[in-house]
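Throughout, a chain's letter reflects where its sequence line sits, starting with A, and its residues are numbered from 1. For the numbers below, each heavy atom of this structure counts, side chains included, while hydrogens, waters and symmetry mates do not.
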2 protein chains.
Amino acid sequence: MERKPGTVRERLLETADRLFYATGIHAVGIDRVIAESGVAKSTMYVHFRTKEDLVAAYLRRRSDIMRARVTREVEARAEEPAEERILSVFDVLHEVISEPGFRGCAFANAAAEYPHHADVQEAIAYDRTWLPALFSRLLGPLRSDNDDELMAALVQVYDGANAAAHLDDSKKSARIARKTAELLLATRKPAPNSNRTAANAGD
Amino acid sequence: MERKPGTVRERLLETADRLFYATGIHAVGIDRVIAESGVAKSTMYVHFRTKEDLVAAYLRRRSDIMRARVTREVEARAEEPAEERILSVFDVLHEVISEPGFRGCAFANAAAEYPHHADVQEAIAYDRTWLPALFSRLLGPLRSDNDDELMAALVQVYDGANAAAHLDDSKKSARIARKTAELLLATRKPAPNSNRTAANAGD
DNA sequence: TATCGAACGAACAGGTCTGTTTGACAAAAC
DNA sequence: GTTTTGTCAAACAGACCTGTTCGTTCGATA
């Protein structure tokens, strides 16, 4: 029985995304979300049981959007080598960081505010799976013996660029991170100099 | 005219640190801070004009403590090569991450909660200066042509380890970050094989 | 001993917060 | 045409928030 299909929920989520991300979650009350959504409070509580529920939905939605955006980019480069496809993730990150209103990783920010709330923690965990999974999928053909660590390192570099861009208000970090990622990938690639286990300085 | 020298302020800051870091800043009211400090509310407002003032002081104090901890470690290795000294920062980070109650970078967390508050932003900026400054000082003798970018990359990797450890609840990230940092340092080092221990004759 | 300053404690002001309730209304479904 | 469903508006409860006020206590100092 939708007056207009799914608009109320979507409007709430869009407003929540905008306000929560820009201002912080605890700093934005339900009253403001519903006012700027043009939705009655009672209606909101029909769609979301609690504020925490709304927060979790906001995070899941944001995760899905980012995942789709990255996936689109990576799939557009289906013909390129795996390394290039992985690095293109950092190009998307560069775009994101460059957008006005960028304020760091929404999930890191949410984790800062909601340390002990199950629903929110679940939504954060939900987001944390896809990037490693994507790297893992793309790394598949490489078959290096410590891909797991490489993958973790790449995720870390991604997180670091996100955090540094936020804290230092710098737009350059994704470019720098891309170079670090290149380095990580180049070193462990089954390359001409054959020896790719653990970067020992005594080479 | 202190009953016991400086205890009230310090007790407030210790409690603020414990509660704000563990639970989030907005989630902890002044009432709880003063209750657990054993300080009257009116007394607290003598020492700190506003809650934001207390938050900023909490952050500055935490920054100073961490800086001192890292500096101690780095100075203890005054005889080692600059690369080793830089890498030892990641060893300290590993310790920090491994401590019970670790919940990510306090400054990133505060930035998430207080986007538009001058005092808090200043305290965060205050923290953001020392790590690049330390790296810069240690890198001094290396004199590579893009030390600035290397420095930024190292800071990023540090931030990434912090963030990933928090979000993934993993203790391994500082070790992984250390390897990434090794890679960064090894690649841009002027002479890959030179075993010069006393290159840092700055003192 | 008299004075002063630091801290206490408890109430209070004025907001804001989440979440609930109620009654009405309009559109879609039957 | 009646019922169901989604939505609205507004008031309300009860808790919690920051920050202020004010009279009191108590130790140090002069």
Side-chain angles (χ1 to χ4, degrees), chain A residues 1-59 110 112-121 123, chain B residues 1-20 22-59 110 112-120 123:
Chain A
M1 179 78 51
E2 300 100 42
R3 222 176 285 243
K4 305 166 209 164
T7 45
V8 167
R9 190 169 213 275
E10 191 57 24
R11 247 188 302 156
L12 283 166
L13 285 173
E14 274 166 19
T15 309
D17 186 284
R18 180 168 51 82
L19 295 180
F20 287 160
Y21 182 70
T23 316
I25 301 174
H26 277 134
V28 174
I30 286 293
D31 284 344
R32 186 158 170 216
V33 175
I34 61 158
E36 299 202 15
S37 301
V39 173
K41 191 189 264 196
S42 44
T43 305
M44 195 230 90
Y45 275 101
V46 168
H47 290 275
F48 302 98
R49 268 178 40 260
T50 61
K51 180 185 183 181
E52 194 181 331
D53 204 26
L54 175 65
V55 172
Y58 140 65
L59 291 172
E113 293 206 62
Y114 281 81
H116 305 307
H117 298 68
D119 292 353
V120 174
Q121 289 297 322
Chain B
M1 193 72 55
E2 299 98 44
R3 225 175 282 246
K4 306 167 208 165
T7 44
V8 167
R9 190 168 212 275
E10 191 57 24
R11 248 188 300 156
L12 283 167
L13 284 172
E14 274 166 19
T15 310
D17 186 285
R18 179 168 51 82
L19 295 180
F20 287 158
T23 317
I25 301 173
H26 278 134
V28 174
I30 287 292
D31 283 344
R32 186 156 171 219
V33 175
I34 60 156
E36 300 202 14
S37 300
V39 173
K41 190 188 266 195
S42 45
T43 306
M44 195 228 91
Y45 276 101
V46 168
H47 290 274
F48 303 97
R49 267 178 39 260
T50 61
K51 182 185 182 181
E52 194 181 332
D53 203 27
L54 175 65
V55 173
Y58 141 65
L59 290 173
E113 293 205 64
Y114 281 81
H116 304 308
H117 298 68
D119 292 353
V120 175

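- Residue R11(B) contributes atom CZ, which lies 11 Å from atom C1' of dC8(C) at whole-angstrom precision.
- Residue-level contact check: V46(A) touches neither bases nor backbone, having no heavy atom under 4.0 Å from any strand.
- Summarising the geometry, atom CZ belonging to R9(B) is positioned 12.5 Å from atom CD belonging to E14(B); distances are rounded to the nearest 0.5 Å.
- When rounded to the nearest whole Å, the span between CG of L12(A) and P of dG6(D) equals 15 Å.
- Put simply, the side chain of K41(A) never gets that close to the backbone of I30(A): no donor and acceptor are under 3.5 Å apart.
- Taking the side chain as every heavy atom from C-beta outward, L12(B) and T15(B) never approach each other to under 4.5 Å.
- Each of dT7(D), dG19(C), dT18(C) was ranked by its minimum atom distance to the side chain of D31(A); first place goes to dT18(C).
- Atom CZ of residue R11(A) and atom CD1 of residue I34(A) lie 12.0 Å apart, to the nearest 0.5 angstrom.
- Summarising the geometry, the separation between CZ on R49(A) and C1' on dG19(C) is reported as 12 Å, rounded to the nearest angstrom.
- The bend of the helix from dT1(C)-dA30(D) to dC30(C)-dG1(D), defined by the angle between the axes of its first five and last five pairs, stands at 10° to the nearest 10°.
- The separation between K41(A) atom NZ and dA9(D) atom P is 14 Å, rounded to whole Å.
- Distance K51(B) NZ to dT20(D) C1': 18 Å, rounded to the nearest Å.
- Between the side chain of Q121(A) and the backbone N or O of Y114(A) there is at least one donor-acceptor pair closer than 3.5 Å.
- As a whole-Å value, the separation of M44(A) CE from dG19(C) P is 8 Å.
- Residue-level contact check: H47(A) touches the backbone only, with heavy atoms under 4.0 Å from sugar-phosphate atoms and none from bases.
- Phosphate proximity of dC8(C) to S42(B): absent, as no side-chain N or O sits under 4.0 Å from OP1 or OP2.
- For the pair L19(A) CG and dC17(C) P, the computed distance is 12 Å after rounding to whole Å.
- Residues F48(A) and L13(A) form a side-chain contact, since some pair of their non-hydrogen atoms from C-beta on lies under 4.5 Å apart.
- Y45(A) has its OH atom 9 Å from the C1' atom of dT20(C), to the nearest Å.
- Contact between the side-chain N/O atoms of T43(A) and the OP1/OP2 oxygens of dG6(D) is not found at any separation under 4.0 Å.
- Side-chain contact between V33(A) and F20(A) is present, with heavy atoms from C-beta onward closer than 4.5 Å.
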